[in-house]
Amino acid sequence: MPKARGGVDVKTAGSYERIWAVVRRIPAGRVATYGQVARIAGLGGAARLVGYALHALPEKGHGVPWQRVINSQGRISQRGLGGPEEVQRRLLEREGVHFDLRDRVDLARFGWTGRRAQ
DNA sequence: ATGCTGACTATGT
DNA sequence: TACATAGCCAGCA
């Protein structure tokens, strides 16, 4: 199986696999935006697809830290009634990610650089 | 091939 | 800061 930077399996068919592979690289205590993940996964501006891929993630999550992906405003994207937004926030707070009074994360502090944990 | 959809983003007011 | 719009692009029917 051919691999490339970061050990991401490039040959795998669907974009989902690639997206999940990128998300798995996000270290605990850090967050990345949908657009950022899309770009690193080689999907250009398909930020929306990232959300779509995470939504299609099996419950087990395959060990993918889906909670570390938030939108460019530093907020948890809402997906409707009964969504796991609360769980996501709790998981992040447990990793040390701080939410301000407006439920936003300071991307300048907790944003993932795409390289290593700062 | 065509059109619709979505856990988005950048830009303007 | 908040809301509205237009642009995005892979999946799926």
Side-chain angles (χ1 to χ4, degrees):
Chain A
M1 287 278 245
K3 291 194 173 184
R5 344 166 239 186
V8 176
D9 188 332
V10 178
K11 190 190 174 201
T12 305
S15 300
Y16 290 4
E17 295 288 336
R18 292 165 61 182
I19 290 172
W20 298 338
V22 172
V23 175
R24 272 193 289 260
R25 289 165 50 189
I26 305 172
R30 290 278 160 184
V31 295
T33 66
Y34 294 95
Q36 186 177 13
V37 171
R39 187 161 49 77
I40 296 174
L43 295 174
R48 309 187 69 153
L49 189 64
V50 174
Y52 204 48
L54 294 180
H55 182 68
L57 204 57
E59 292 233 4
K60 291 295 181 183
H62 277 311
V64 178
W66 56 273
Q67 74 273 21
R68 295 176 193 150
V69 183
I70 60 180
N71 63 37
S72 66
Q73 291 174 27
R75 328 181 79 165
I76 292 175
S77 291
Q78 302 297 307
R79 34 303 216 189
L81 205 63
E85 297 91 348
E86 292 295 325
V87 176
Q88 178 169 18
R89 173 169 176 155
R90 236 182 21 188
L91 286 172
L92 288 176
E93 293 183 319
R94 200 159 83 181
E95 295 180 347
V97 176
H98 173 74
F99 283 79
D100 65 20
L101 295 175
R102 284 188 194 143
D103 305 312
R104 295 195 308 189
V105 172
D106 182 351
L107 292 176
R109 275 185 61 193
F110 302 103
W112 179 42
T113 63
R115 293 174 181 283
R116 62 170 67 178
Q118 294 169 16

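Chain A is the first sequence line, chain B the second, and so forth, proteins listed ahead of strands; every chain is numbered from 1. Values reported hereafter were calculated over all heavy atoms of this structure, with side chains retained and with hydrogens, waters and symmetry mates removed.
- Comparing atom distances between the A:T33 side chain and each of C:dT1, C:dA10, B:dT9 picks out B:dT9 as nearest.
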message: Checking A:D103 against A:R89 for the side chain to side chain contact (heavy atoms under 4.5 Å, CB included) test, could you report, in this order, the C-alpha distance in whole Å, the side-chain angles of both residues, the deciding distance, and whether it holds?
response: CA-CA 9 Å; A:D103 305 312; A:R89 173 169 176 155; 2.6 Å; yes
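- Within the 3.5 Å criterion, the main-chain N or O of A:L91 finds no donor-acceptor partner in the side chain of A:E93.
- Side-chain atoms of A:R75 come within 3.5 Å of backbone N or O of A:R102 as a donor-acceptor pair.
- At whole-Å resolution of the value, OH in A:Y34 and P in C:dA10 are 19 Å apart.
- To the nearest 0.5 Å, the span separating CG on A:L43 from CD1 on A:I19 amounts to 5.0 Å.
- Put simply, the side chain of A:W20 reaches to within 4.5 Å of the side chain of A:L54, judged on heavy atoms.
- The stretch residues 45-56 of chain A touches DNA chain B through A:A47, A:R48, A:G51, A:L54, A:H55, each having a heavy atom within less than 4.0 Å of the strand.
- Applying a 4.0 Å cut-off to non-hydrogen atoms, none of the residues of residues 85-96 of chain A approaches DNA chain C.
- Going from atom CD1 of A:I19 over to atom P of B:dG6 covers 17 Å, rounded to whole Å.
- Rounded to whole Å, atom C1' of B:dA7 lies 16 Å from atom CG of A:D103.
- Regarding A:E17, its CD atom lies at a distance of 15 Å from the C1' atom of C:dG11, rounded to whole Å.
- Under the side chain to side chain contact (heavy atoms under 4.5 Å, CB included) rule, A:W112 has a single partner from A:I40, A:L107, A:V69, which is A:I40.
- Between the side chain of A:Q88 and the main chain of A:Q67, a donor-acceptor pair closer than 3.5 Å is present.
- In this structure, CH2 of A:W20 is placed 14 Å from C1' of C:dA10, rounded to the nearest angstrom.
- Between A:E95 and A:R68, at least one side-chain N (NZ, or NE/NH1/NH2) sits under 4.0 Å from a carboxylate O, which counts as a salt bridge.
- The backbone N or O of A:G44 lies less than 3.5 Å from no partner atom in the side chain of A:R39, so there is not a single donor-acceptor pair.
- Residues from residues 63-74 of chain A placing a heavy atom under 4.0 Å of any atom in DNA chain C do not occur.
- The distance between atom CG of A:D100 and atom C1' of C:dT1, rounded to the nearest whole Å, is 12 Å.
- Panel note: side chain A:W66, backbone A:V23; no donor-acceptor pair is recorded below 3.5 Å.
- When heavy atoms are screened at a 4.0 angstrom cut-off, A:R75 is found touching no nucleic acid atom at all.
- Remark: the backbone N or O of A:G83 is not paired with any side-chain donor or acceptor of A:Q78 at under 3.5 angstrom.
- Considering only side-chain N and O atoms, A:S15 lies nowhere under 4.0 angstrom from the phosphate OP1 or OP2 of C:dC9.
- One finds no side-chain N or O of A:R18 lying less than 4.0 angstrom from the OP1 or OP2 phosphate oxygen of C:dA10.
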